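Read the structure below first, then the notes.
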Amino acid sequence: MSNFVQKLCAWQQAHGRHDLPWQSTDPYRVWLSEIMLQQTQVATVIDYYKRFLERFPTISELASAEQSEVMSYWAGLGYYARARNLHRCAQIVVEQYGGVFPREYEDIVALPGIGRSTAHAIMAFCYGAPTPIMDGNVKRLFTRYYGIKGVTSTAAVEKQLWSQAEKTLNEALGDEHTHVDMACYTQALMDFGSLICTRSKPLCDDCPVAGSCYAKTHNLQKELPTSKARKTTPTRHTVMLLLVHDNHIWLEQRPQQGIWSGLLSLPSFDDTEALIHYLQNQGMAINPAKDLIKLAAFEHIFSHFKLHIQPILVKTTGAQSLLDSSSKQGYYHLHSWQTLPIPKPVSTLLETLATTDI
DNA sequence: TAGACGTGGCA
DNA sequence: TTGCCAAGTCT
């Protein structure tokens, strides 16, 4: 079943990226790009790569440079151990291999900053070695295509993925009717993961292997790869308006969708900016510096997230809107809202307000 | 082996 | 603003 490999290679030739500045069989260029691309997006790397290569055109020139100068060409890229390892690696290649990048896997993977995947990538691109890579793109593609469940960073799933990658490749290589261009296939895995089998909203309509894809067949594109459990509950922020008029508080009914659906609550906004717009739309002349009184913020815990609530008090003496019984929005007396359907944190807030001197 | 390592894009 | 992730490796 080497169809997968063949289809991906065909896709690569037609739709893949062919103009990246490091695409060649020169180990120095490939190695440098692989290091820069670790956990870093292509768009970010391109300029750094060009500048770096211009200053250090060969491994020997890199090896003989001062570390501080090497670092200066890396500044801003992040993960600076990569640059230190790169420099040290260049010196090792010069000293131990006469300036010629090694060809054997054991030698390559022993170099600083080069792990299993990078070593395989260098060998596939430069030497056409029949060996698979395993990066974020391949993980996403394989978990979906083969329906591999579980968090991909765990040892067990990682092992499965490598094993599947080898199996897939070996089946193609074992088929005497199939020629596998390793550089093309390796680039295909990464381009495909980055351009078609994307994290969110994968372009299954443009996918040549969608017909045999587990995730597509079972409609599990969103569930795969399995995302790891969050450690801390996420925090959302909201700003609540306490619009007070003559011992009355303005309440509105929550939308039917989302939290507290249908309950009465204070007008809520993503930020103060939105709150000001709201007041202006109500025809209120607002001086944000003077009329907006920030009360103490607090947090409300839901099952799946924390809500950070910033209450803002606005006292108005302007014309009073009447309580509209159909929309339920309007001014409620500060001492007669207790029987209304109001969410806990809001009633707590109103309680505080009613017993505070305003 | 889980955590650290940087920065930027995206929802 | 927060969280997640991106051509991973090292300790």
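Sequence lines set the chain letters: A, B, ... in the order given, protein chains first and strands last, and positions in each chain run from 1. Source: prediction; values computed, not measured.
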Can you check whether Tyr145(A) and Phe4(A) have ring centres sitting under 6.0 Å from each other?
-> yes
When you compare dT1(B) with dA6(C), how far apart are their C1' atoms, in angstrom units rounded to a whole number?
-> 22 Å
To the nearest angstrom, how far is Lys228(A) atom NZ from dT1(B) atom C1'?
-> 13 Å
Applied to residues 110-122 of chain A, the side-chain hydrogen bond (donor to acceptor under 3.5 Å, both in side chains) test, sequence neighbours excluded, yields Gln38(A)-Thr118(A), Arg116(A)-Glu166(A), His120(A)-Thr131(A)
Hey, can you tell me if Phe56(A) and Tyr73(A) have their rings parallel, tilted or perpendicular (30° and 60° cut-offs)?
-> perpendicular
Could you list, one pair per line, each protein nitrogen or oxygen that sits under 3.5 Å from a nitrogen or oxygen of nucleotides 7-10 of chain C, together with the distance?
residue : atom : partner   : partner atom : Å
dA7(C)  : OP1  : Asn137(A) : OD1          : 2.6
dA7(C)  : OP1  : Asn137(A) : ND2          : 2.6
dA7(C)  : OP2  : Asn137(A) : OD1          : 3.1
dA7(C)  : O5'  : Asn137(A) : ND2          : 3.1
dA7(C)  : O4'  : Asp135(A) : OD2          : 2.8
dA7(C)  : N6   : Trp22(A)  : NE1          : 3.1
dA7(C)  : N1   : Arg17(A)  : NH2          : 3.4
dG8(C)  : OP1  : Gly136(A) : N            : 3.0
dG8(C)  : OP2  : Gln39(A)  : N            : 2.9
dG8(C)  : OP2  : Gln39(A)  : NE2          : 2.8
dG8(C)  : O5'  : Gln39(A)  : NE2          : 3.4
dG8(C)  : O3'  : Thr118(A) : OG1          : 3.4
dT9(C)  : OP1  : Gly115(A) : N            : 2.8
dT9(C)  : OP1  : Gly115(A) : O            : 3.4
dT9(C)  : OP1  : Thr118(A) : N            : 3.1
dT9(C)  : OP1  : Thr118(A) : OG1          : 2.7
dC10(C) : OP1  : Gly113(A) : N            : 2.6

Atom OH of Tyr49(A) to atom P of dT7(B): distance rounded to whole Å?
-> 23 Å
Between P of dA6(C) and CD1 of Ile35(A), the distance in whole Å | 18 Å
Nucleotide N/O of nucleotides 8-10 of chain B paired with protein N/O under 3.5 Å:
none

Can you name the salt bridge (Lys or Arg N to Asp or Glu O under 4.0 Å) partners of Lys139(A), sequence neighbours left out?
-> Glu158(A)
Using the P atom in both, what is the distance from dC5(C) to dG3(B), to the nearest Å?
-> 15 Å
Provide the distance between the two P atoms, one in dG6(B) and one in dT1(C), to the nearest whole Å.
-> 23 Å
Ring centroid separation Tyr146(A) to Phe142(A) under 6.0 Å = yes
Rounded to the nearest angstrom, tell me the gap between atom CD in Gln310(A) and atom P in dT1(C).
-> 14 Å
Report the residue (Thr154(A) or Ala81(A)) whose heavy-atom-nearest nucleotide on DNA chain B is the more 5′ of the two.
-> Thr154(A)
Please confirm whether Trp74(A) and Tyr48(A) have ring centers closer than 6.0 angstrom.
-> no
Please report, rounded to the nearest Å, how far the P atom of dA11(B) is from the NE2 atom of His237(A).
-> 20 Å
Atom CH2 of Trp74(A) and atom C1' of dC5(B): how far apart are they, to the nearest Å?
-> 13 Å
Between Glu69(A) and Arg55(A), is there a side-chain N and carboxylate O pair less than 4.0 Å apart?
-> yes
Expressed in angstrom and rounded to an integer, what is the separation of Leu195(A) atom CG from dA6(C) atom P?
-> 14 Å
Under the salt bridge (Lys or Arg N to Asp or Glu O under 4.0 Å) rule, collect the residues that match up with Arg140(A), sequence neighbours excluded.
-> none
Salt bridge (charged side-chain N to carboxylate O under 4.0 Å, His left out) pairs, two or more places apart, involving residues 19-33 of chain A | none
Provide the distance between the two P atoms, one in dC10(B) and one in dA7(C), to the nearest whole Å.
-> 13 Å
